Protein chains: 2
Amino acid sequence: MQIGELSERAGVSHRTIHYYERLGLLKPAEREGAGYRYYDQTALKRLEKIAALKRLGLSLDEIAAVIDLYFEDASGIKGKEKVLEILQTQIAKADTQISELTAFRRDLEASIARMHKLIAEAQQQ
Amino acid sequence: MQIGELSERAGVSHRTIHYYERLGLLKPAEREGAGYRYYDQTALKRLEKIAALKRLGLSLDEIAAVIDLYFEDASGIKGKEKVLEILQTQIAKADTQISELTAFRRDLEASIARMHKLIAEAQQQ
DNA sequence: CATTAACCTGACGTTGGGTGTATATCTAGG
DNA sequence: CCTAGATATACACCCAACGTCAGGTTAATG
């Protein structure tokens, strides 16, 4: 698969793929013959994972720090203690974010209830 | 309270406060005498709310669109149906984000468990 | 009352996350 | 063999969300 197909399937521009490669988010693709990049399925999976992590609010740097956990053989990863540390930081952040989101959701529900009430009252009169 | 105290208490710079004011996130403060801005408690609450919404991943523009829901008398808000719509969009986003975060957290826990196992094995040998 | 700390505005700089554009090369179909 | 379409690199530019700097005003205090 060339960069055009990959970018279309992943829903990002080929410029973004180049950019991610420069940042180390994507492994440099194979370059058969001339300079063309050729990708396989894992590249697509990686891009999807990156998108998911972005939605969670991670920066590209943070993603670069954890993405290999999903795609490299864990036994081959250097500095396991370091990785563990990163993971634990991430989980703490996730917990904070989950509880804030839950509180936010509660507030929203209260606001919605208030709005419904106000609208009902307005229609009464 | 002047801008210095406000910025310190809210944990943002005074330039950020100026910036938020320009974007309409913060009501222009009272300007007694010369041009100094003077704030009250609600300004601090607003800044805290803004920070909370930012952590949820809202852009400053999006925050500007909803912040008044928290600080204006609900009965005085124009276009209640519109507001309701915004609120419902927000709650849907929050739900999506919560479930993605929960799944992410589960993944992280699994990775942590794997790491612990690998480290233990490494120490055995 | 003079100094110093706090404030003002405006212009420009920076960082993150990209996008646009120009120019060159390659590959495939006719 | 030639041309169209896909890629390559490099440099410039964009937007959001600030930060820095410079020059000027104000308020408070010893």
Side-chain angles (χ1 to χ4, degrees), chain A residues 1-41 43-44 46-68 86 89-90 93 97 100, chain B residues 1-40 43-44 46-67 90 93 97 100:
Chain A
M1 172 177 16
Q2 290 180 206
I3 199 166
E5 188 181 345
L6 178 63
S7 77
E8 184 151 344
R9 290 226 255 165
V12 302
S13 73
H14 67 281
R15 306 287 288 104
T16 299
I17 293 176
H18 287 165
Y19 180 58
Y20 285 178
E21 185 181 313
R22 271 200 334 124
L23 293 190
L25 281 162
L26 241 51
K27 306 273 149 185
E30 283 194 52
R31 307 287 203 109
E32 288 175 23
Y36 284 29
R37 294 169 176 83
Y38 294 89
Y39 298 97
D40 59 5
Q41 291 299 322
L44 180 55
R46 251 182 120 95
L47 281 172
E48 285 164 355
K49 198 70 187 178
I50 290 167
L53 293 174
K54 280 190 54 179
R55 280 194 300 276
L56 299 176
L58 303 207
S59 72
L60 297 186
D61 273 12
E62 289 171 326
I63 293 173
V66 301
I67 186 86
D68 284 339
I86 292 172
T89 305
Q90 294 293 337
K93 276 200 207 165
Q97 223 177 322
E100 285 189 1
Chain B
M1 169 174 21
Q2 291 181 205
I3 199 168
E5 187 181 345
L6 178 64
S7 79
E8 183 151 346
R9 290 225 254 165
V12 302
S13 75
H14 67 281
R15 299 300 281 130
T16 298
I17 293 176
H18 288 166
Y19 181 56
Y20 285 178
E21 185 180 313
R22 270 197 338 121
L23 292 190
L25 281 161
L26 241 49
K27 306 272 151 187
E30 284 193 51
R31 305 288 202 108
E32 288 174 22
Y36 283 29
R37 294 169 175 83
Y38 294 90
Y39 297 96
D40 59 4
L44 180 55
R46 251 181 121 94
L47 281 173
E48 284 163 355
K49 200 69 186 180
I50 290 168
L53 293 173
K54 280 191 55 178
R55 280 194 298 277
L56 298 176
L58 302 206
S59 72
L60 297 186
D61 274 11
E62 288 171 325
I63 293 173
V66 300
I67 185 84
Q90 294 293 335
K93 275 200 207 166
Q97 223 177 325
E100 286 189 0

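Everything numeric in this text was worked out from a predicted model, so none of it was measured. Order of the sequence lines fixes the chain letters, A, B, ..., with proteins taken first and strands second; residue numbering starts at 1 for each chain.
A donor-acceptor pair under 3.5 Å is formed between the side chain of B/R46 and the backbone N or O of B/L25.
In this structure, B/R37 does not pair ionically with B/E30, as no charged nitrogen and carboxylate oxygen lie closer than 4.0 Å. Ion pair A/K93/A/E62 flagged as a salt bridge, since at least one NZ, NE, NH1 or NH2 atom sits closer than 4.0 Å to an Asp/Glu carboxylate oxygen. Between A/K27 and A/E21 there is no salt bridge, since none of the side-chain N atoms of the basic residue sits less than 4.0 Å from a carboxylate O of the acidic one.
Distance from the side chain of A/Y20 is smallest to C/dG18 among D/dG19, C/dG18, D/dT20. Taking the side chain of A/R37 as heavy atoms from C-beta on, and the options C/dT19, D/dA8, C/dT9, the nearest nucleotide is D/dA8. The side chain of B/A34 approaches D/dA27 more closely than any other nucleotide in the set D/dT7, C/dC7, D/dA27. Checking C/dC8, D/dG5, C/dG10 against every side-chain atom of A/Y36, the shortest atom distance belongs to D/dG5.
Between A/R31 and D/dT9, a side-chain N or O to OP1/OP2 separation shorter than 4.0 Å is present. Taking only side-chain nitrogens and oxygens, B/S59 never comes nearer than 4.0 Å to OP1 or OP2 of D/dA16. OP1 or OP2 of D/dG19 lies within a sub-4.0 Å distance of a side-chain N or O belonging to B/T16. In this model, the phosphate group of C/dG18 is approached by a side-chain N or O of A/K54 to a distance below 4.0 Å at OP1 or OP2. Residue B/S13 places no side-chain N or O under 4.0 Å from the OP1 or OP2 atom of D/dC18.
If you take CD1 of B/I63 and C1' of D/dA16, they are 12 Å apart, rounded to a whole angstrom. Protein atom CZ of B/R22 is 14 Å distant from nucleotide atom C1' of D/dC15, rounded to whole Å. Nucleotide C/dC7 holds its C1' atom 16 Å from the CE atom of B/M1, rounded to whole Å. Between A/H14 atom NE2 and D/dG5 atom P there is a gap of 16 Å when expressed in whole angstrom units. Distance CG (B/L23) to C1' (D/dA16): 9 Å, rounded to an integer number of Å. Taking atom CD of B/E8 as the reference point, atom P of C/dA6 lies 10 Å away to the nearest angstrom. As a whole-Å value, the separation of A/Y19 OH from D/dA12 C1' is 15 Å. When the P atom of C/dA6 is taken as reference, atom CD1 of B/I17 falls 15 Å away, rounded to whole Å.
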- [ ] Show the numbers, then the answer: is there a side chain to side chain contact (heavy atoms under 4.5 Å, CB included) between B/Y39 and B/Q2?
- [x] CA-CA 6 Å; B/Y39 297 96; B/Q2 291 181 205; over 6 Å; no
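Note on B/H18: a base of the nucleic acid sits closer than 4.0 angstrom, heavy atoms only.
If B/L58 and B/Y38 are placed on DNA chain D by their nearest nucleotide, the residue sitting closer to the 5' end is B/L58.
B/R15 contributes a side-chain N or O that forms a donor-acceptor pair with the base of C/dG10 under 3.5 Å.
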